[in-house]
2 protein chains.
Amino acid sequence: MRSKKDYMEQHKVKEMVERIGIVCDKDGMPPLAGRMVGFFMLAEPPHKTFDELAEFLQASKSAISTTLRFLEGQGMVEYITFPGDRKRYFRLSVDSWDKVVMGKMDFLKMMHARVSEALQARSNDYPEFNMGLKAMMCLYEIFLEGLPKMIDLWQKKVQDLKDEQ
Amino acid sequence: MRSKKDYMEQHKVKEMVERIGIVCDKDGMPPLAGRMVGFFMLAEPPHKTFDELAEFLQASKSAISTTLRFLEGQGMVEYITFPGDRKRYFRLSVDSWDKVVMGKMDFLKMMHARVSEALQARSNDYPEFNMGLKAMMCLYEIFLEGLPKMIDLWQKKVQDLKDEQ
DNA sequence: TTTTTAGTTCTGCAATAAAAGAACCAAAAA
DNA sequence: TTTTTGGTTCTTTTATTGCAGAACTAAAAA
């Protein structure tokens with residue numbers, strides 16, 4: 001007996017990887033990046049070499065390299081090394097999702113700035129519409145304030161989860 | 001004197017429309033959709049006809065039609081009509097941004113489901129990594145709970161804003 | 001009834017993005 | 001020193017997207 005729960009069969013894995021890939025796709029990720037995330041979520045052990053990635057994902061070295069660097073940039077992937085082993089072992093950077101969220105905040109900040117400018121450029125001839133834009137800014141402000149709070153809450157909860165183990 | 005604040009000159013408007021367009025682009029919107037949002041933010045009056053959109057944005061009727069329907073689908077654009085006038089007047093749907101946010105929540109729900117499945121598919125051989133996935137799910141749960149709360153808060157604040165006018 | 005208006009839908013092309021392949025490079029091994 | 005390993009970078013090919021143009025439609029106007 002390998003362990004309490006046996007690792008699922010290969011073709012089921014491929015199926016799930018595709019499904020995860022599609023969801024990531026919808027968030028604007030390139031297809032291979034989505035699949036790679038999917039593979040990392042299911043991979044056992046959770047760290048994989050460059051070549052293992054290329055083989056499982058059936059993709060070229062260049063595509064793997066580019067995609068790894070893309071995901072690294074987003075804070076979603078990192079690598080570890082082992083003494084006396086030249087290879088890098090890549091894996092999902094499971095506890096730096098806050099970095100990913102912070103990245104999304106940059107967009108909120110930009111949008112907020114643009115709406116603010118738009119409002120300043122407008123006349124007072126259409127106060128009701130202007131109020132709508134103010135409301136929009138208000139929503140961005142609430143998010144910009146709320147997201148870091150949610151991250152804090154998350155970190156506490158994660159700590160609790162780890163403690164109770 | 002037209003009003004307290006005069007409406008800005010045309011070429012400044014075009015400049016700002018492009019800038020807003022770029023930010024929208026970064027959120028994954030097609031270029032014309034981003035520009036259209038920009039134009040709607042600055043337009044006076046804030047409602048524009050199909051032809052006015054086509055002319056200002058220098059785009060074909062088909063592109064305008066497609067883009068309008070895309071933005072309508074997202075809950076970002078709506079149209080009004082006037083008695084005895086066949087035309088539709090399109091405008092930014094400024095107070096249904098909650099719908100846009102709810103749309104983003106669908107993605108969070110999907111991702112949460114996929115991670116949950118992944119976790120169930122995994123063995124117990126790598127508990128630390130599994131814990132990382134649990135933490136990830138936890139983050140999604142916090143967002144799924146927090147976003148509606150933020151929307152509520154927003155609606156209250158918007159009411160206050162309107163009242164104090 | 002025919003014509004015009006206000007759009008929509010379908011087809012095809014141009015621009016962009018994703019991935020492949022080959023050339024390349026630095027560190028380690030032989 | 002040469003070769004192999006573990007990648008990266010540059011160029012080319014392929015797939016996808018975004019938009020234009022023309023054909024179309026339903027309602028209103030003439």
Side-chain angles (χ1 to χ4, degrees), chain A residues 14 17-18 20-40 43 45 47-74 76-91, chain B residues 14 17-18 20-40 43 45 47-74 76-91:
Chain A
K14 297 221 171 196
V17 164
E18 291 305 310
I20 296 168
I22 286 175
V23 178
C24 293
D25 245 39
K26 291 192 185 170
D27 196 37
M29 247 180 227
L32 184 59
R35 280 186 207 120
M36 193 179 281
V37 169
F39 181 47
F40 276 131
H47 49 271
K48 294 286 167 191
T49 67
F50 195 95
D51 288 333
E52 286 168 333
L53 289 167
E55 204 221 317
F56 182 92
L57 297 169
Q58 303 272 57
S60 66
K61 289 208 301 169
S62 64
I64 297 295
S65 177
T66 308
T67 302
L68 278 172
R69 282 168 31 75
F70 168 79
L71 291 175
E72 228 180 299
Q74 309 260 323
M76 298 179 74
V77 163
E78 63 189 359
Y79 63 85
I80 51 175
T81 51
F82 297 101
D85 186 346
R86 195 132 80 85
K87 284 177 189 124
R88 294 176 194 167
Y89 290 82
F90 300 93
R91 67 175 182 194
Chain B
K14 298 221 171 196
V17 165
E18 292 305 312
I20 295 168
I22 287 174
V23 179
C24 292
D25 246 38
K26 291 190 185 170
D27 195 37
M29 248 180 227
L32 184 59
R35 279 187 207 117
M36 193 179 280
V37 168
F39 181 46
F40 276 131
H47 49 271
K48 294 287 167 190
T49 67
F50 195 95
D51 289 334
E52 286 169 331
L53 289 168
E55 204 220 316
F56 182 92
L57 297 170
Q58 303 273 56
S60 67
K61 289 209 300 170
S62 65
I64 297 295
S65 177
T66 308
T67 303
L68 278 172
R69 282 168 30 75
F70 169 78
L71 291 175
E72 228 180 298
Q74 308 261 320
M76 299 180 73
V77 163
E78 62 188 0
Y79 63 84
I80 50 174
T81 51
F82 297 103
D85 185 347
R86 195 131 79 88
K87 283 177 190 125
R88 293 177 194 167
Y89 290 82
F90 300 92
R91 67 176 181 193

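Predicted model only: the values in this text are computed from it and were never measured. Every chain is numbered from 1 and lettered A, B, ... according to where its sequence line falls, protein lines coming before strand lines. All values below were derived from every heavy atom in this structure, side-chain atoms included, with hydrogens, water molecules and symmetry-related copies excluded.
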Contacts of type side-chain hydrogen bond (donor to acceptor under 3.5 Å, both in side chains), residue A:Glu18, not counting sequence neighbours: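 With neighbours one apart ignored, the set is A:Arg35.
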Please state how far atom [atom1] in [X] lies from atom [atom2] in [N], giving the value in whole angstrom units.
{"X": "B:Phe50", "N": "C:dT4", "atom1": "CZ", "atom2": "P", "value": "20 Å"}
{"X": "A:Glu72", "N": "D:dT8", "atom1": "CD", "atom2": "P", "value": "8 Å"}
{"X": "B:Leu71", "N": "C:dG7", "atom1": "CG", "atom2": "C1'", "value": "16 Å"}
{"X": "B:Lys48", "N": "C:dG7", "atom1": "NZ", "atom2": "C1'", "value": "19 Å"}
{"X": "A:Asp25", "N": "C:dA17", "atom1": "CG", "atom2": "C1'", "value": "12 Å"}
{"X": "A:Lys87", "N": "D:dG7", "atom1": "NZ", "atom2": "C1'", "value": "12 Å"}
{"X": "A:Phe70", "N": "C:dA18", "atom1": "CZ", "atom2": "P", "value": "8 Å"}
{"X": "A:Lys26", "N": "D:dT17", "atom1": "NZ", "atom2": "P", "value": "13 Å"}

Tell me, please, which residues at least two apart from A:Asp27 pass salt bridge (Lys or Arg N to Asp or Glu O under 4.0 Å).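 A:Asp27: salt bridge (Lys or Arg N to Asp or Glu O under 4.0 Å) contacts with A:Lys104.
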To the nearest 0.5 Å, tell me how far B:Ile64 CD1 sits from B:Leu32 CG.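 Spacing of CD1 (B:Ile64) from CG (B:Leu32) equals 5.0 Å.
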Spacing of B:Arg88 atom CZ and B:Leu68 atom CG [to the nearest 0.5 Å]: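 One gets 9.5 Å once the value is rounded to the nearest 0.5 Å.
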Validation: residues 78-85 of chain B side-chain donor-acceptor distances under 3.5 Å, sequence neighbours left out:
residue: B:Glu78; atom: OE1; partner: B:Ser93; partner atom: OG; Å: 3.4
residue: B:Glu78; atom: OE2; partner: B:Arg91; partner atom: NE; Å: 2.9
residue: B:Glu78; atom: OE2; partner: B:Arg91; partner atom: NH2; Å: 3.1
residue: B:Asp85; atom: OD1; partner: B:Lys87; partner atom: N; Å: 2.9
residue: B:Asp85; atom: OD2; partner: B:Tyr89; partner atom: OH; Å: 2.7

Going 5' to 3' through nucleotides 18-30 of chain D and flagging B where a protein heavy-atom sits under 4.0 Å of the base, S where only the sugar-phosphate is that close, and - otherwise, we get SSBBB----BS--
Would you be so kind as to tabulate the donor-acceptor pairs closer than 3.5 Å made by side chains of residues 50-63 of chain A, with sequence neighbours excluded?
residue: A:Glu52; atom: OE1; partner: A:Thr49; partner atom: N; Å: 2.8
residue: A:Glu52; atom: OE1; partner: A:Thr49; partner atom: OG1; Å: 3.4
residue: A:Ser60; atom: OG; partner: A:Ser62; partner atom: OG; Å: 3.2
residue: A:Ser60; atom: OG; partner: A:Ala63; partner atom: N; Å: 3.2

I want to check one thing: is the phosphate of D:dG7, taken as OP1 and OP2, less than 4.0 Å away from some side-chain N or O of A:Arg69?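 Indeed not, no polar side-chain atom of A:Arg69 lies that close.
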Between C:dA27 and A:Arg88, is there an OP1 or OP2 to side-chain N/O distance shorter than 4.0 Å?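 Checking A:Arg88 against C:dA27: no side-chain N or O falls below 4.0 Å of OP1 or OP2.
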